[in-house]
Amino acid sequence: SADLIKKVMITIHERLGKQNDIKMLMQVHDELVFEVKESQIERARSLVQDCMQNVVTLSVPLVVGIGIGKNWDEA
C-alpha cells in the first residue's frame, strides 16, 4: 500500500502541474489531505478518485472514499 500511495501522489502532482486551486498538503498512511478552493471541489474529487482507483491494475478493485470538510476532522 505504501508503493501505491506514492504512485498516486506522483500522478496527482503531475496532473495538477503548477495550478494553485488544489494543493496536496500531506499523506498519512493511506490517506491524502488536500486544500481545495471551493469552486474546485468536484474537480478535485474526480481527479483524486480517478488517480487513486486507477494508479495500478489489480485483480480486485481499489475503492476510494472521499470526505470533504473545513478541516481534517470534518472530512
Report summary line: Tightest non-hydrogen contact, residues R43 and Q19, listed as NH1-NE2, 3.3 Å

Query raised in the report: Does a side-chain heavy-atom distance below 4.5 Å link S1 with D30?
Result: no

Query raised in the report: Do V56 and I12 belong together in a cluster built from hydrophobic side chains that touch within less than 4.5 Å?
Result: yes

Query raised in the report: Quick one: does K7's side chain get under 4.5 Å of D3's, heavy atoms only?
Result: no

Query raised in the report: Do Q27 and V33 have side-chain heavy atoms sitting under 4.5 Å apart?
Result: no

**Report entry** Distance, nearest 0.5 Å, that separates OG1 of T11 from CZ of R15
**Finding:** 8.0 Å

Query raised in the report: In terms of heavy-atom contacts, does CD of E74 have more than 12 from other residues, nucleotides or ligands at under 6.0 Å?
Result: yes

Query raised in the report: What distance separates L16 CG from F34 CZ, expressed to the nearest 0.5 Å?
Result: 7.0 Å

Query raised in the report: Heavy atoms, side chains only, cut-off 4.5 Å: are Q53 and P61 in contact?
Result: no

Report summary line: The reported gap from CD1 in I41 to CD1 in I22 (rounded to nearest 0.5 angstrom) is 10.0 Å

Query raised in the report: Applying the 4.5 Å side-chain criterion to the ILVMFWY set and letting contacts propagate, would V36 and W72 be lumped into a single cluster?
Result: no

**Report entry** Reference residue L32; test side chain to side chain contact (heavy atoms under 4.5 Å, CB included); the match among L25, V64, I66, V8
**Finding:** V8

Query raised in the report: Going from CD1 on I68 to CD on E42, what distance comes out if it is rounded to the nearest 0.5 angstrom?
Result: 6.0 Å

Query raised in the report: So how far is it from N20 CG to K37 NZ, rounded to the nearest 0.5 Å?
Result: 7.0 Å

Query raised in the report: Is M52 reachable from V63 through a run of hydrophobic residues whose side-chain heavy atoms are each under 4.5 Å from the next?
Result: no

Report summary line: Smallest heavy-atom separation, A75 atom then G69 atom, equals CB-N, 3.8 Å

**Report entry** Spacing of E14 atom CD and C51 atom SG [to the nearest 0.5 Å]
**Finding:** 9.5 Å

Requested in this report: Spell out, as yes or no, whether a donor-acceptor pair under 3.5 Å connects the side chain of N54 to the backbone of D50.
Outcome: yes

